[in-house]
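One structure is given below, encoded as structure tokens.
Scope of the values below: all heavy atoms of this structure, side chains included, with no hydrogens, waters or symmetry mates.
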Amino acid sequence: MNNRTQSSVRNRQVGAVVIKTSTQSGLNFSSAPHVRKLLPNISPTYKTAIGAAYAGDSGELMAHIPDASVQLVFTSPPYALHFKKEYGNVHKDDYVDWFLGFAKQIIRVLRDDGSFVLNVGGSYNAGMPTRSVYHFKLLIALVEEIGFHLAQECFWYNPAKMPAPAEWVTVRRVRIKDSVEYVWWFSKTPWPKANNRNVLKPYSKDMLRLNQRGVRETIRPSGHHINSSFVSIEAGGSIPPNVIEEENPEDMLKFGNNASNDQFTKRCKELGIKIHPARFPTSLPEFFIKLLTDEDDVILDPFAGSNTTGVVSEQLARRWIAMDLSQEYLEASKVRFPAVKL
């Protein structure tokens with residue numbers, strides 16, 4: 001941890017894993033420049049001690065950010081669906097060309113050791129029980145045309161997803177429920193900053209039992225050599241895979257997004273504020289922010305919506321920039337920041 005920010009965080013022990021959590025009330029998070037200095041001539045919709053939210057076209061807004069000034073871009077843009085959503089989305093036939101305009105700005109503003117994490121969902125082709133491959137076309141274009149490196153594919157298992165399209169899943173019963181979304185981790189160079197020690201999971205009961213009992217040296221049928229150090233627990237936790245196991249072996253970055261009674265939703269309902277209909281859970285950006293950034297790093301979400309990325313960045317003492325085309329959704333996201341006036 002950086003010495004200048006030690007006063008802004010406290011450590012809490014969870015199992016064998018240390019998690020840093022920023023304290024909020026009345027603290028100066030760091031002496032690092034405020035993110036408003038990156039967009040000095042643009043007024044934010046609101047700001048906090050370490051972050052700022054901007055309403056407008058993120059392609060145009062990002063053009064004002066200096067080269068190589070952002071450590072992580074984490075975002076979930078509107079998906080390419082064949083029907084229109086109220087928060088806006090582009091048809092899959094036009095999606096790749098549409099998104100590459102933003103991608104050119106993203107790779108420019110990233111530091112050389114920076115990362116771009118993209119959550120994108122698949123969809124069905126109109127009128128047929130077959131899947132579109134638009135998101136795979138986007139993946140290839142981001143690597144071959146823009147120049148990103150694919151650091152790793154990850155998967156978000158969302159058990160709260162509705163069984164859709166209803167015609168194929170619940171009416172004709174010819175398809176099964178789609179509960180997985182892609183989370184692609186891109187990097188500007190082959191060597192982005194990352195530290196999996198920051199996202200260690202508690203050891204499983206089986207691992208703890210093996211550690212106590214010991215293990216014989218052997219060679220698996222796959223050719224992997226298992227030695228006595230295989231069951232060491234000195235690292236303080238288990239390294240999570242891109243398919244992350246929690247209680248159930250089928251879990252993949254298992255975070256539901258059906259929190260209809262969370263604090264944000266309750267506050268919006270109390271104030272009569274329109275709630276963004278496609279929010280992702282705080283656990284999703286939290287995982288990658290811990291994996292890919294340090295305190296004081298700058299994190300950007302160009303499709304911020306209800307600004308989940310910003311609030312998680314604030315809690316983890318990272319500087320943040322949120323952008324969204326909808327002034328209304330950004331106004332609603334103010335309720336997530338107690339120090340911001342409504």
Side-chain angles (χ1 to χ4, degrees), residues 1-12 17-24 27-38 48-53 62 65-76 106-119 148-152 154 156 183-201 237 239-240 242 244 253 255 280-304 307-323:
M1 180 168 57
N2 193 311
N3 289 334
R4 61 185 174 159
T5 58
Q6 284 183 344
S7 62
S8 70
V9 296
R10 53 187 167 84
N11 290 339
R12 59 183 172 89
V17 184
V18 174
I19 299 176
K20 295 177 180 177
T21 307
S22 62
T23 52
Q24 295 290 312
L27 287 175
N28 293 320
F29 282 79
S30 74
S31 58
H34 194 279
V35 292
R36 285 193 66 186
K37 292 184 178 294
L38 297 176
T48 68
I50 57 172
M62 281 190 288
I65 298 177
D67 294 355
S69 54
V70 173
Q71 188 63 46
L72 169 64
V73 175
F74 182 95
T75 198
S76 180
I106 289 171
I107 198 168
R108 181 187 63 80
V109 303
L110 276 180
R111 294 168 55 91
D112 285 346
D113 63 349
S115 291
F116 166 37
V117 176
L118 175 66
N119 165 222
F148 280 109
H149 298 266
L150 180 59
Q152 197 160 15
C154 298
W156 168 28
V183 184
W184 285 317
W185 168 18
F186 298 100
S187 56
K188 191 169 182 176
T189 69
W191 300 99
K193 177 166 69 174
N195 189 347
N196 65 29
R197 297 178 185 85
N198 295 335
V199 289
L200 297 178
K201 297 290 187 181
I239 298 172
N242 64 335
I244 293 181
L253 284 175
F255 312 128
F280 51 67
T282 57
S283 303
L284 195 58
E286 179 183 23
F287 179 84
F288 290 99
I289 289 170
K290 288 179 177 179
L291 174 66
L292 303 174
T293 70
D294 297 313
E295 292 173 27
D296 286 345
D297 283 345
V298 176
I299 297 167
L300 166 66
D301 187 344
F303 300 94
N307 201 9
T308 302
T309 302
V311 75
V312 174
S313 299
E314 183 113 350
Q315 291 167 355
L316 296 174
R318 272 69 163 173
R319 295 178 291 157
W320 57 270
I321 299 172
M323 299 173 176

Q | Interatomic spacing from CG in Leu38 to CD1 in Ile321 - rounded to 0.5 Å | A | 5.0 Å
Q) Taking only residues two or more places apart in sequence, or in another chain, which ones meet Asp294 in a side chain to side chain contact (heavy atoms under 4.5 Å, CB included)? A) Lys193, Asp297
Q | Point-to-point distance, once rounded to the nearest 0.5 Å, from CZ of Arg108 to CE of Met62 | A | 8.5 Å
Q | For Ser313 against Ile299, the heavy-atom pair lying closest together | A | OG-CD1, 3.5 Å
Q) Heavy atoms, side chains only, cut-off 4.5 Å: are Leu291 and Asn196 in contact? A) yes
**Q.** Residue list, side chain to side chain donor-acceptor pair (under 3.5 Å) with Thr293, at least two apart or on another chain
**A.** Arg318
Q.
Determine whether Asn307 and Asp301 satisfy the following criterion, side chain to side chain contact (heavy atoms under 4.5 Å, CB included), listing intermediate values before the conclusion.
A. CA-CA 8 Å; Asn307 201 9; Asp301 187 344; 5.5 Å; no
Q: Tell me, with the steps shown, if Leu284 and Phe74 meet side chain to side chain contact (heavy atoms under 4.5 Å, CB included).
A: CA-CA 10 Å; Leu284 195 58; Phe74 182 95; 4.0 Å; yes
Q: List the atom of Val312, the atom of Pro285, and the distance in Å for their closest heavy-atom pair.
A: CG2-CG, 4.1 Å
Q: List in chain and number order the residues that pass side chain to side chain donor-acceptor pair (under 3.5 Å) with Asp112, two or more places apart in sequence or in another chain; answer none if no residue qualifies.
A: none
Q.
Under a 3.5 Å distance rule, please check whether His34 uses its side chain to pair with a backbone N or O of Arg319 as donor and acceptor.
A. no
Q | Non-neighbouring partners of Ser115 that pass side chain to side chain contact (heavy atoms under 4.5 Å, CB included), sequence neighbours left out | A | Leu72, Trp185, Pro192, Leu292
Q. Taking only residues two or more places apart in sequence, or in another chain, which ones meet Val109 in a side chain to side chain contact (heavy atoms under 4.5 Å, CB included)?
A. Ile65, Val70, Leu300
Q | Ile107 and Lys188, any side-chain heavy atoms less than 4.5 Å apart | A | yes
Q | Between CZ on residue Phe287 and OG1 on residue Thr282, distance to nearest 0.5 Å | A | 14.0 Å
(Q) Show the nearest heavy-atom pair for residues Val298 and Ser69, with the distance to one decimal. (A) CB-O, 3.8 Å
**Q.** Within-4.5 Å side-chain heavy-atom neighbours: Thr75 and Thr309
**A.** no
Q: Identify the two heavy atoms, one from Gly51 and one from Glu314, that lie closest to each other, and give their separation to 0.1 Å.
A: N-OE1, 4.4 Å
Q | Check against side chain to side chain contact (heavy atoms under 4.5 Å, CB included), Leu150 and Phe186 | A | CA-CA 5 Å; Leu150 180 59; Phe186 298 100; 4.0 Å; yes
Q. Say you draw a straight line from CG of Asn119 to CZ of Phe288; how long is it, rounded to the nearest 0.5 Å?
A. 9.0 Å
Q.
Contact between Ile106 and Phe148 at the side-chain level, heavy atoms closer than 4.5 Å - yes or no?
A. yes
Q | Any Ile50 side-chain heavy atom under 4.5 Å of Trp320 side chain | A | yes
